[in-house]
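Remarks on the structure that follows.
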Amino acid sequence: MVIEKDFKDPRILQLKEEIKNLKLLLCQKETELSELLKPVAFSCCHGPSMKGASKEKLSATEISRYSRQMLIPKIGVKGQLKLKNSSVLIVGVGGLGCPAALYLAAAGVGCIGLVDHDCVEINNLHRQVLHSDVFLNQPKVDSAFAALRRLNEEVEFRTHKTQLSSSNATDIISSYDVIVDATDNAPTRFLLNDVCVFTKKPLVSGAALQTEGQLTVYNYENGPCYRCLFPKPPPPNSVKNCGDAGVLGTVPGVIGTLQAMEVIKILTENKGVLSGRLLTYDGLDASFRTFKIRDKSKTCAVCSESPTIKELIDYEQFCGSAANDKNPSINLLNPNERIHVERLAELLKTESENNTFIDVRSPEEFEMCSISKFVNVPINSLFFYNTSSEPLFTDLKLDTEKPVYVICRRGNDSQRAVQILKDLYSHLEIKDVIGGLHSWAKRVDNDFPVY
Amino acid sequence: MMKARAVISISGAKDLSGEKETQIIVPSSVSRQDLLKDLVSRFSLQAIESIITLAVNEEYILDAEEINLKNGDQLAIIPPLSGG
């Protein structure tokens, strides 16, 4: 027989709390120490690196520390010195940025800048490997800084806890040698591209979704830029984000690590930089493919000889979407077609037999968590019924007379589903639940999982 | 019209098309625009039509080119990924 540990044991809870506080205290002390160790004045990353170490020479410790990579003829002392005297900006300290920063710090890049305005969320931790439980709800740049500093105190880290925008991007970017695009949204990708073209910086661009990733280097030695390849922004909502489509942690792990590799090649002036080529990775197939993409476009709006865009623009407006990977709320229904979660709780308690409850999330999401009495009818299957004459409710053995209540994760898809269902069953009372399961978890059942 | 049997792979769009790699019969000489139109309707890629890129034998095909295809050629549809 297995005796279950009582995790509510007050001593266990007390120890957990004490250890968490000690870890935070340790971080504070480490920050204080690194502030004291900082050289008195430096104006930018090209200044002397931390502790005024020599730019022209490697110390005995540095030689020992980096010996294994310096033994490679293509790196050597020369390459290591180049890394030491270089600066890299990592934009986005998430699934891609964490592994990229980890390897660049370990490799001894002199100065690493980190840009992110987000805080660490629990759903980040499976892939954003610099962050840990202790830093939940703390700024990602602070969390990453603490982890990276522990890895390599010789590196100078700069944190930029801000959202990169047209007003600050040029200032931030111009003091770095190479820029890593580890962002999660189209507006920031276009912004980064344009700044890098204007400031003449190579842009090492990675992306990951589900089990696939992409990697290329833009704006390097007269190679193409992002706009040469994608002159038009993606239609809003056409490109999926990790929060909706999901991502396996190892995929950004692979791509972020490859981004660090490209940065190292650029900084050490090695050949073979992935410019003019796009590498795709499919984790499920275990396949890498490299496509020859294109030369610089002669009609590119930013990097051609006659550009039409000569300064930064409003990228959220240009893309028609926000510069984050969150989904905005939509409002498609009238107030009388919607109920609040409290009303749903009442209905489930007292009149569950007289109503039909439909959850329109994907089968994967439904399996993770659901409210009892709800049947799963994924919204994609509704689109199918919408264009065919097959009787949906007969198929699902659902009553065609009872009122229908539709729920989803956040209250957007449920509205779309109500509209489709009303077209199919105009005689029925069909309503959606405002705010979906997120509201349910917040206002009715605090133990319901939020994702 | 002469036809060719090509292998097509669709990266980053498996959700949209429901397929990863499959054989298709295509005209052996076709404009990029017509081929793209055919593939978009065949694999229901309307939502991302304006941004997908098309490669033949691991090389991107640019706008104005006339494409000659033969049996066994590798077509690839590559939409930009944005997640990170």
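Just so it is clear, the structure is predicted and the values come from calculations on it, not from any experiment. Within every chain, numbering begins at 1; the chains are lettered A, B, ... in the order of the sequence lines, protein sequences first and strands thereafter.
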Verdict with reasoning, A:S143 to A:H131, per side chain to side chain donor-acceptor pair (under 3.5 Å): CA-CA 6 Å; A:S143 165; A:H131 312 308; 2.7 Å; yes
Option in A:I293, A:L96, A:V251 with maximal non-hydrogen atom pairs under 4.5 Å from chain B: A:I293
Row check, A:F318 ring normal vs A:R227 NZ/CZ: under 6.0 Å, within 45°: yes
Side-chain ion pair, B:R5 and B:D73, N-O less than 4.0 Å: no
Interface moiety of A:L278 toward chain B, non-hydrogen atoms closer than 4.5 Å: side chain
Contact check, side chains of B:L62 and A:R294, non-hydrogen atoms, under 4.5 Å: yes
Residue selection (most heavy-atom pairs with chain B, distance under 4.5 Å) from A:R189, A:Q128, A:R127, A:R277: A:R189
Selection from A:T280, A:D181, A:T183 maximising heavy-atom pairs under 4.5 Å formed with chain B: A:T183
Segment of B:Q74 engaging chain A (4.5 angstrom heavy-atom cut-off): side chain
Which atoms of A:T290 approach chain B - backbone, side chain, both or neither, heavy atom under 4.5 Å: backbone
Per-residue contact mode, A:P231 against chain B (heavy atom under 4.5 angstrom): neither
Pair A:R361 + A:D413: basic N to acidic O under 4.0 Å: no
Sidechain N-carboxylate O distance under 4.0 Å for A:K292, B:E58: no
